[in-house]
Amino acid sequence: MIEEIRIENLDPAAFIEDQVSHIAGKVGDGLAINALSGGVDSSAVTMLGHRAIGDNCRTYFVENGLMRKGEPEQVVSLFAELGVHVEVIDAKEEFFEALRGVVDPEEKREAITQTFYKEVFGRLVKESGAKHLLQGTILTDVDETVAGIKRQHNVFEQLGIDPQETFGYQIIEPLLQIRKDGVRKVAEALDLPESTWNRMPFPGPALSARVIGEVTPERIDLVRHATSITEEELEDIDAFLKLAIIHEDRVTGMRDGKREFGFQIEVRCWDSIDARIGTPTNIPFETLTGLSDRLVNEVPGVVSVTYNIASKPPSTMEPV
Ligand code: XMP
């Protein structure tokens, strides 16, 4: 049972001190690796790791082919400014290969997990000689996985999986006792810029969590394009999470007087504090129709756009 540190009891400076000495104690004078996606959780862990053991923490950005537009470059340059070297690992083909033909959401998540932990991190650990992986699992990830709602990509021990036995390394999880609102406070206290500590969450399985049906490079390109337009058009909307989803079913549309059997995009925008519950954001109708105009005109083959109006629960935020 993990003891939660509730937001009202969280003292970020004391938390950082505790976690830094915990990491330093566990890793000793060995090496640890960590994967940075640029999200608030992995960014906070990167800073904790570097404060604890300096360059003995090796930080990697795994280019899985499923990230948003420009993400690898932005993350590498931001952390260079913060004095942290980030090495980019090209694993695109491995991820697409693992996802080929997989349509069931939980099987997709399992394919992502195995590719990250067994293949990519397994190799990085072997090559570097590290014995530990630092990662940013938070309490909400554990809750949903243990409840059997959604297998979050980064939860093992609570499912009875021993990472040492299964993957050959130990996992250190400094953020396990807090939730997203707590991580934001810790990230701010770690001197990360507001663009990081206030950043919208992005799931570990990345854009593959937003493709219903098979994940292919073409469908990822489509959802990546739709995501970038959605984030741009909703930039001034204050919300916890904004996302675009590509549906598996196609529908009849028409363009230039001709039939077009096209794609459907679903837009979701969530109000939430810590991701446990959420309600759809009340967005002005003109903003939604402006977004829809751009999606149907700029993303090839899109003929239908819908806005989700269901709450979590029973919905979840990401469709996969
Ligand atoms: P759901 O879809 O579970 O999303 O309602 C709640 C929050 O968690 C994010 N999410 C994930 N984060 N690994 C993560 O690190 C995952 O596998 C994962 N799945 C969902 C989601 O983006 C939202 O912020």
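Note that the coordinates shown come from a computational prediction; the quantities given were computed from them, not determined experimentally. Indexing begins at 1, ligand by ligand and atom by atom, following the structure's order. Atom set for the values below is all heavy atoms of this structure, side chains included, hydrogens, waters and symmetry mates excluded.
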Whether the [X] and [Y] side chains hold a donor-acceptor pair (N or O, under 3.5 Å, no angle test) is what I'd like checked.
{"X": "Thr59", "Y": "His50", "value": "yes"}
{"X": "Lys108", "Y": "Ser208", "value": "no"}
{"X": "Glu266", "Y": "His247", "value": "yes"}

- prompt: In terms of heavy-atom contacts, does CZ of Arg6 have more than 12 from other residues, nucleotides or ligands at under 6.0 Å?
  reply: no
Which of the ligand 1 atoms, numbered from 1, are nearer than 4.0 Å to a heavy atom of [X]:
{"X": "Pro203", "answer": "10 (N), 11 (C), 12 (N), 18 (C), 19 (N), 20 (C), 22 (O)"}
{"X": "Phe240", "answer": "24 (O)"}
{"X": "Lys312", "answer": "1 (P), 3 (O), 5 (O), 6 (C)"}
{"X": "Gly204", "answer": "12 (N), 13 (N), 14 (C), 15 (O), 16 (C)"}
{"X": "Glu144", "answer": "1 (P), 3 (O)"}

task: Report yes if the distance between the aromatic ring centroids of Phe167 and Phe156 is under 6.0 Å, otherwise no.
output: yes
message: Less than 4.0 Å is my threshold; does some heavy atom of Pro205 fall inside it relative to ligand 1?
response: yes
message: Could you check whether any heavy atom of Arg109 sits closer than 4.0 Å to an atom of ligand 1, since that is the contact criterion I want to use?
response: yes
Which one holds for [X] and ligand 1: side chain close, backbone close, both close, or neither close, with close meaning a heavy atom under 4.0 Å?
{"X": "Lys180", "answer": "neither"}
{"X": "Lys150", "answer": "side chain"}
{"X": "Pro201", "answer": "side chain"}

Among protein heavy atoms, which sits nearest to [atom], and what does the distance come to when rounded to 0.1 Å?
{"atom": "atom 13 (N) of ligand 1", "answer": "His153 ND1, 2.9 Å"}
{"atom": "atom 22 (O) of ligand 1", "answer": "Glu318 OE2, 2.6 Å"}
{"atom": "atom 7 (C) of ligand 1", "answer": "Ala275 CB, 3.8 Å"}
{"atom": "atom 16 (C) of ligand 1", "answer": "Gln152 OE1, 3.1 Å"}

Is the side chain of [X] donor-acceptor paired with the backbone N or O of [Y] at a distance under 3.5 Å, no angle test?
{"X": "Glu173", "Y": "Gln135", "result": "no"}
{"X": "Glu63", "Y": "Gly65", "result": "yes"}
{"X": "Ser37", "Y": "Gly39", "result": "yes"}

query: Only one of Asp141, Thr113, Thr137 clears side chain to side chain contact (heavy atoms under 4.5 Å, CB included) with Gln152; which?
result: Asp141
message: Below the 3.5 angstrom mark, is there an N/O of Arg210, backbone or side chain, next to an N/O of ligand 1?
response: no
- prompt: Is there any N or O on Met317 that sits under 3.5 Å from an N or O of ligand 1?
  reply: yes
task: Please work out which of the three classes, parallel, tilted or perpendicular, describes the rings of Phe95 and Phe116, given edges at 30° and 60°.
output: perpendicular
